[in-house]
Q: 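To start, I am sharing the structure in question, which I have written as structure tokens.
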Amino acid sequence: MADITVESSAGGAVRSLREQVRGRVITAADEGYDQARVVHNGMFDKRPLAVLQAEQAGDVIAAVNLAGEHGLDLSVRGGGHGAPGYGTNDGGLVIDMSPMRTVRVDPRTKTARADAGATWGDFNYATHAFGLATTGGIISTTGIAGLTLGGGIGYLARGCGLTIDNLVSADVVTADGKFLTASERENQDLFWGLRGGGGNFGVVTSFEYRLHEVGQVFAGPIFYNLEDAPTVLRMFDEFIRDAPEQFGGFPGFQIAPPLPFIPENRHGDTLCLAVVHWAGPIDQAERVLKPFRDVAPIVADGSGPLPYPALNGAFDALYPKGLRTYWKGAFVKDLSDAAIAAHVEHGSTVPEVTCTMHLYPINGACHRVGANDTAFAYRDATYGMVFLAGWTDPAKDTERIQWLRDYYHAMSPYSEPGGYINFMQDDDHGRIRDNYRQNYDRLVQVKRAYDPGNLFRMNQNIAP
Ligand SMILES: Cc1cc2nc3c(=O)[nH]c(=O)nc-3n(C[C@H](O)[C@H](O)[C@H](O)COP(=O)(O)OP(=O)(O)OC[C@H]3O[C@@H](n4cnc5c(N)ncnc54)[C@H](O)[C@@H]3O)c2cc1C
């Protein structure tokens with residue numbers, strides 16, 4: 001009897017949604033359900049009641065109202081890259097923003113208005129046509145939405161700030177179904193929370209960004225022998241303290257993929273990696289990047305001039321949709337010798353080509369924004385450190401997760417308690433307060449003002 005009640009209420013909800021929206025509403029009975037329900041991380045095999053492929057803000061308003069009325073779990077999905085798989089759920093509603101991906105550039109004001117379903121590939125191609133860009137992710141298939149709302153770390157961060165530092169305004173559907181604009185002039189508390197507070201406050205339907213002149217860049221990966229990793233990491237840490245801000249690369253560990261610029265006899269070897277990225281004048285690249293040429297013998301050098309969007313798509317193939325992944329992150333202030341030794345011990349054990357650790361520098365322009373000016377609290381960190389394990393065989397789940405946890409725990413004495421929320425996993429809820437430090441209490445206040453019933457709870461949740 002109870003089942004029938006649930007069934008008919010759910011069926012009624014889906015019918016009602018279909019009557020109100022322009023986008024497709026896909027249930028288990030519809031063709032395409034299996035594609036519509038999955039996210040990038042292959043670890044999450046969930047079966048929502050319905051996926052709404054939103055086509056306009058009105059669709060989002062209808063879905064938010066309906067989820068509230070029926071008490072449904074609500075997932076909001078941009079690019080679907082979120083490691084904890086909150087972009088799908090069991091038995092609830094999913095708002096998939098991916099049909100909404102128009103990017104409109106205004107070269108006069110050097111701004112762009114992008115619909116929230118756009119990826120960084122969509123965004124970069126649109127802005128590159130005008131010789132412009134803003135800080136975004138290093139992979140082109142990542143959504144602008146989730147990445148922006150968490151903070152936004154990328155190659156351009158040292159020169160242009162985090163993605164949120166370039167956010168001018170956002171259109172948002174809040175839990176009560178209202179459509180608001182948040183900016184420095186309107187709904188300032190919401191605007192503050194959106195810049196780092198993740199998907200806690202509403203569904204963003206479009207973002208407006210400030211753009212910078214970026215066209216051709218000099219960038220790519222440089223590989224070194226593992227035995228030189230301590231020297232390379234030490235050099236990087238010293239270099240990045242006062243490197244020109246148009247430099248934005250990162251060091252890490254990487255099994256050499258079978259790429260043409262890597263000698264064939266080194267394919268499959270575990271190497272130390274430095275991805276370099278210079279967005280300043282191309283004729284200055286060699287001078288700026290000299291420390292990377294001089295630090296140790298180079299095994300393979302894939303750096304060179306290329307358009308910024310080409311760089312953004314260069315590593316996409318390493319992280320295909322469906323790859324099983326597990327992540328951890330932490331902020332780092334100083335890379336001590338002991339930290340470097342621990343990195344070398346664990347980094348040299350990366351088990352496959354899709355497992356890695358990267359240290360993304362977030363000094364320069366990121367440090368010129370106050371720790372309370374946006375929800376993103378760690379303005380004094382030098383690096384956003386990410387640990388990523390990716391694999392395809394479900395039989396390896398335990399082994400790969402353990403590898404990553406061992407590496408992450410070994411680095412804990414040398415890193416901050418908090419990390420970047422976009423590098424957190426679904427078992428990281430205990431770290432929310434640490435991630436936001438002094439900003440946590442204010443985030444709770446904003447949550448209470450805009451989502452007191454916690455409709456938006458499928459995220460790194462700030463409980464009201
Ligand atoms: C291959 C790969 C590379 C990455 N590289 C980088 C990088 O270079 N820099 C970086 O900073 N991060 C990077 N990340 C992490 C990335 O920032 C997060 O995974 C981010 O959540 C992805 O956003 P998304 O829209 O693709 O994901 P989704 O899973 O769609 O969204 C993540 C969460 O954001 C919220 N959300 C999404 N859309 C909306 C919306 N319209 N309104 C309100 N809330 C919304 C929801 O809570 C959702 O669960 C990378 C991730 C991957 C998988």
Side-chain angles (χ1 to χ4, degrees), residues 38-42 44 54 57 60 63-64 73-89 94-98 100-101 114-123 135-157 162-164 170-175 182 193-194 196-207 248 250 275 277 311-312 315-323 325-327 329 354 356 358 360 362 366 376 384 386 388 390 419-426 450-451 455-462:
V38 293
V39 290
H40 206 74
N41 188 347
F44 298 96
V60 175
V64 164
D73 277 344
L74 180 63
S75 291
V76 183
R77 189 194 302 164
H81 270 210
Y86 295 129
T88 188
N89 62 51
V94 174
I95 302 178
D96 173 4
M97 299 297 290
S98 64
M100 294 174 62
R101 56 206 305 160
D115 284 347
T119 61
W120 285 105
D122 298 327
F123 188 88
T135 306
I138 63 167
I139 301 285
S140 83
T141 51
T142 305
I144 62 164
L147 183 138
T148 300
L149 294 169
I153 297 175
Y155 293 115
L156 299 173
L162 299 172
T163 309
I164 49 172
D171 286 341
V172 192
V173 176
T174 47
L194 288 175
N200 272 285
F201 309 109
V203 185
V204 176
T205 58
S206 76
F207 298 89
F250 56 89
V275 174
H277 173 270
L311 170 70
N312 188 224
F315 306 124
D316 289 0
L318 264 180
Y319 301 105
K321 188 167 183 176
L323 192 70
T325 61
Y326 186 80
W327 295 57
T354 43
T356 194
H358 292 162
Y360 297 117
I362 47 169
C366 307
F376 189 98
V386 66
L388 163 58
Y420 175 40
I421 63 152
N422 279 350
F423 295 158
M424 296 282 145
Q425 197 58 46
D426 49 341
Y450 289 94
D451 185 19
L455 179 65
F456 303 109
R457 57 185 174 272
M458 310 287 296
N459 46 41
Q460 297 295 340
N461 196 232
I462 295 156

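Just follow the structure's listing: the first ligand is 1, and inside any ligand the first atom is 1. Note that the structure is predicted; figures quoted are calculated from it, not measured.
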Q: Kindly determine whether D451 and R457 satisfy salt bridge (charged side-chain N to carboxylate O under 4.0 Å, His left out), including the steps that lead there.
A: CA-CA 9 Å; D451 185 19; R457 57 185 174 272; over 6 Å; no
Q: Is a donor from one side chain sitting under 3.5 angstrom from an acceptor on the other, for N312 and S140?
A: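 No pair is found: no donor N or O on one side chain lies under 3.5 Å from an acceptor on the other.
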Q: Take the angle between the ring planes of H358 and F250 and call it parallel below 30°, perpendicular above 60°, tilted in between.
A: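 Tilted, since the angle between the ring planes falls between 30° and 60°.
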Q: Looking at residues at least two apart in the chain, or sitting in another chain, which of them share a salt bridge (Lys or Arg N to Asp or Glu O under 4.0 Å) with D115?
A: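 Checked D115 against salt bridge (Lys or Arg N to Asp or Glu O under 4.0 Å); zero matches.
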Q: Ligand 1: which protein N/O atoms lie under 3.5 Å from its N/O atoms?
A:
residue  : atom   : partner : partner atom : Å
ligand 1 : 8 (O)  : I138    : N            : 2.8
ligand 1 : 8 (O)  : I153    : O            : 3.4
ligand 1 : 9 (N)  : I153    : O            : 2.6
ligand 1 : 11 (O) : I153    : N            : 3.0
ligand 1 : 11 (O) : I153    : O            : 3.4
ligand 1 : 11 (O) : Y420    : OH           : 2.6
ligand 1 : 17 (O) : N422    : ND2          : 3.1
ligand 1 : 19 (O) : H81     : O            : 3.3
ligand 1 : 23 (O) : L147    : N            : 3.3
ligand 1 : 25 (O) : G79     : N            : 2.9
ligand 1 : 25 (O) : G146    : N            : 3.0
ligand 1 : 26 (O) : G79     : N            : 3.3
ligand 1 : 26 (O) : G80     : N            : 3.4
ligand 1 : 26 (O) : H81     : N            : 3.1
ligand 1 : 26 (O) : G143    : N            : 2.8
ligand 1 : 27 (O) : G80     : N            : 3.4
ligand 1 : 27 (O) : H81     : N            : 3.1
ligand 1 : 27 (O) : G82     : N            : 3.3
ligand 1 : 29 (O) : H81     : N            : 3.4
ligand 1 : 29 (O) : G82     : N            : 2.9
ligand 1 : 30 (O) : G78     : N            : 2.6
ligand 1 : 30 (O) : G79     : N            : 3.4
ligand 1 : 30 (O) : G80     : N            : 2.7
ligand 1 : 41 (N) : V204    : O            : 2.9
ligand 1 : 42 (N) : V204    : N            : 2.9

Q: Using atom types as modelled, flag every donor-acceptor pair under 3.5 Å from a side chain in residues 142-155 to any protein atom, sequence neighbours excluded.
A:
residue : atom : partner : partner atom : Å
T142    : OG1  : H81     : ND1          : 2.9
T148    : OG1  : I144    : O            : 2.5
T148    : OG1  : Y209    : OH           : 2.7

Q: If the condition is side chain to side chain contact (heavy atoms under 4.5 Å, CB included), which residues does R101 pass it with, not counting sequence neighbours?
A: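 R101: side chain to side chain contact (heavy atoms under 4.5 Å, CB included) contacts with S98, A118, T119, D122.
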